[in-house]
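So you know, we letter chains A, B, ... as the sequences are listed, proteins then strands, and number each from 1.
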Amino acid sequence: MTASAPAQPTNGVPENFTPPHPSLHTNRVLPGFKVSLGFTIAYVSLIVLIPLAALAARPWEHGWAGFWSVLTDGRVLASLRLSFVTAAAAATLNLFVGMIIAWVLTRYKFPGVKILDAFVDLPFALPTAVAGIALCTLYATNGWVGSLFAPFGIKIAYTPIGIFIALVFVGLPFVVRSVQPVLADFDAEVEEAALTLGASPFQTAVRVILPGLAPALLTGFSLAMARAVGEYGSVIFIAGNMPYVSEITPQLIIIKLQEYDYAGAASVGLIMLLWSLVILAVINAAQLWLFKRGRA
Amino acid sequence: MSLTVSNITKTFTKFAALSDVTFEAEPGEFLALLGPSGSGKTTLLRLLAGLDVPDSGAIAFDGDNFLALNARDRRIGMVFQSYALFRHMTVAENIAFGLTVRPAKDRPSKADIKAKVESLLKLIQLEDYGKRFPAQLSGGQRQRVALARALAISPRILLLDEPFGALDALVRKDLRRWLRRIHDETGVTTVFVTHDQEEALDLADRVVVLKEGRIEQIGKPLELYRDPATAFVFEFLGANNQASGTLRGGSVDFGGFSVPAIVKGGSEGAVTARFRPFDTQVSRSGPGFPVKVLSVLPAGANLRLELQGDGGEVYETQHAHDADTSELKAGDTVNLLPTKVYVFA
């Protein structure tokens with residue numbers, strides 16, 4: 001045995017001290033990590049996970065066969081196709097228009113810009129049923145806008161076009177509000193760098209600014225899409241709700257509930273949920289990929 | 001003359017950022033724009049780049065009227081203070097950007113662009129970093145990528161805005177040497193903005209000293225240092241001391257002793273004399289201001305003293321570690337004698 005140097009206490013901590021739970025003893029700004037984590041998990045379970053689990057448990061009253069018959073029902077499939085396709089189409093239009101609006105609101109100073117900015121939030125604030133009635137009045141064949149298209153044989157209200165318009169309406173603020181802050185913070189020197197390197201304004205927009213906005217655009221798109229898939233209030237008035245043609249999935253769920261077909265309603269709900277999860281996963285994966293590329 | 005700037009004036013809504021600025025840069029010259037914040041040096045650089053437009057005056061390069069060209073067409077290489085790298089592009093894509101945005105008829109072939117990018121990566125000593133993203137680089141590496149990106153378009157002038165501003169002292173010194181070497185290799189006329197006098201004197205062929213939008217003096221680093229035209233230049237270029245005295249026949253009389261003066265203005269009579277820390281002697285019994293030693297600090301090969309006069313005024317001096325000073329300690333009383341003083345208007 002060689003004589004070892006006397007233990008040097010560092011910062012008053014004894015030499016052999018080890019924290020009882022190393023992972024929980026990192027230095028955090030907020031105290032009460034265990035309490036807040038516990039609360040978060042309990043709350044998310046209660047509010048989000050348990051209801052979803054209940055939904056997953058409900059459809060099996062008539063067994064796998066009952067679920068399968070709902071899943072393969074032509075009316076259900078038609079409504080799912082309508083819901084997801086129009087939602088995606090509306091979110092896509094909102095992606096482009098929302099980006100342009102965000103650009104105008106952040107890049108240009110003109111009288112009324114603040115008022116215009118406030119209007120963007122209206123679809124958030126308005127009760128959806130009110131919006132539905134307003135759109136319906138406007139786009140019916142005898143409405144202001146509907147009457148302009150009627151002579152050409154184009155019907156807007158009570159067709160998928162009407163649904164599309166309602167979904168565009170409710171989804172718009174999501175893209176604008178996602179993109180706006182990112183665009184406002186965009187480093188002016190980066191644009192100037194592109195300019196001095198000889199890029200045209202169009203090249204600067206497409207190759208420098210747009211990729212910088214991509215994560216925000218994706219967020220806005222996914223929010224607008226999620227909202228549109230689940231939208232009910234503003235759509236039912238303008239949709240016409242014709243089975244196989246203009247009947248959205250949430251409407252079909254209501255109909256099944258009114259017929260006391262709870263298992264059937266839950267089956268449709270579960271399918272919708274699964275589809276939404278798949279889409280969310282894809283968007284998140286894209287988000288992660290973008291995040292890993294550009295950001296610190 | 002390669003770059004000619006004549007009578008440039010630029011006024012922002014509230015204040016004059018530049019008034020009547022005139023200077024020239026020789027082909028291949030390395031020119032520093034030196035001044036404190038608010039002196040208009042960055043504004044001047046942005047005017048050269050075409051990112052701002054002057055109210056009046058002219059900027060020409062090799063006979064071309066630069067003001068008639070916008071930033072896109074001037075073919076200047078600008079390195080921004082924030083580097084302004086495109087963070088969604090790899091290092092190689094960043095460097096290639098200026099070449100790939102050219103119209104098809106002027107654009108080099110893919111292979112040529114690749115070769116150019118590789119040679120630039122080699123120049124900035126980041127050969128293996130082409131596939132990385134800017135977020136994965138250190139500050140100094142980003143700075144070098146920004147420089148390579150600017151050099152890729154074979155710029156007619158290279159403009160650098162506070163090129164070392166965001167870097168720590170050690171990296172800064174290293175990059176400074178390296179930048180000078182790159183300049184000597186590429187031979188491109190370079191104008192850089194800095195508020196750091198040491199950096200300007202160390203790096204530039206000539207320095208333009210700016211104060212409140214006006215040029216105070218233009219000169220080679222040594223000229224500026226030995227022959228400052230104004231009190232501002234004298235003070236901005238390094239530590240200095242002041243003392244009141246009377247100018248009489250080329251010397252300043254401090255009451256009891258007088259010191260030879262370099263007179264840059266002012267008239268005989270009461271003046272403020274300025275002197276550098278190392279243009280001084282301290283002694284226990286010789287002539288000089290009676291001062292008390294506040295602190296004795298080592299400063300490399302020298303000893304740095306902080307001294308306080310009877311009236312509370314503080315002087316900073318530097319001396320060799322010799323027998324006279326080695327015994328000094330805080331609290332001692334000595335006499336401070338300037339050996340050379342400057343008098344400005």
J.: Between A/Val208 and B/Phe97, is a side-chain contact (heavy atoms from CB on, under 4.5 Å) present by the stated rule, with each step listed?
T.: CA-CA 10 Å; A/Val208 175; B/Phe97 185 83; 3.7 Å; yes

J.: Measuring from A/Asp187:CG to B/Arg87:CZ, what's the distance to the nearest 0.5 Å?
T.: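 Those atoms lie 9.0 Å apart.
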
J.: Any chance CD1 of A/Ile47 has more than 12 other-residue heavy atoms, nucleotides or ligands included, within less than 6.0 Å?
T.: yes

J.: Would you say CZ of A/Phe124 has more than 12 non-hydrogen atoms from neighbouring residues, nucleotides or ligands within 6.0 angstrom?
T.: yes

J.: Taking atom NZ as the centre, does A/Lys109 end up with more than 12 heavy-atom neighbours from other residues, nucleotides or ligands that are less than 6.0 angstrom away?
T.: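 Above 12, so yes.
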
J.: Above 12 or not: heavy atoms from other molecules or residues under 6.0 Å from CZ of B/Phe12?
T.: yes

J.: Atom CD of A/Glu191 and atom CG of B/Leu51: how far apart are they, to the nearest 0.5 Å?
T.: 11.5 Å

J.: If you take all heavy atoms of B/Ala71 and A/Leu195, which pair is closest and at what distance?
T.: CB-CD2, 3.7 Å

J.: Do the side chain of B/His88 and the main chain of A/Arg207 share a donor and acceptor less than 3.5 angstrom apart?
T.: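 Here the side-chain-to-backbone pair exists.
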
J.: Would you say that more than 12 heavy atoms from the other residues, nucleotides or ligands in this model lie under 6.0 Å from the CZ of A/Phe202, or not?
T.: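 Atom CZ in A/Phe202 is not crowded, with 12 or fewer foreign heavy atoms closer than 6.0 Å.
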
J.: Taking atom CH2 of A/Trp275 as the centre, report whether more than 12 heavy atoms of other residues, nucleotides or ligands fall under 6.0 Å from it.
T.: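 12 or below, so no.
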
J.: Say whether, by atom type as modelled, one donor and one acceptor occur between the side chain of A/Glu189 and the main chain of B/Phe80 under 3.5 angstrom.
T.: no

J.: For atom CZ of B/Arg107, decide whether the heavy atoms of other residues, nucleotides or ligands shown that lie under 6.0 angstrom number more than 12.
T.: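 Count over threshold, so yes.
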
J.: Against chain B, label A/Ser200 side chain, backbone, both or neither, depending on which of its atoms sit under 4.5 Å from a heavy atom there.
T.: both

J.: Identify which of A/Ala214, A/Ala188, A/Ala199 forms the greatest number of heavy-atom pairs closer than 4.5 Å to chain B.
T.: A/Ala199

J.: Distance check, rounded to the nearest 0.5 Å: B/Arg149 atom CZ versus A/Thr196 atom OG1?
T.: 7.0 Å

J.: Report which part of B/Leu85 has an atom under 4.5 Å of a heavy atom belonging to chain A: side chain, backbone, both, or neither.
T.: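 Backbone only.
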
J.: List the atom of B/Arg72, the atom of A/Gly198, and the distance in Å for their closest heavy-atom pair.
T.: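 Nearest heavy atoms, B/Arg72 then A/Gly198: NE-O, 3.3 Å.
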
J.: Tell me, for A/Ala194 versus chain B, whether the close heavy atoms (under 4.5 Å) come from the side chain, the backbone, both or neither.
T.: both

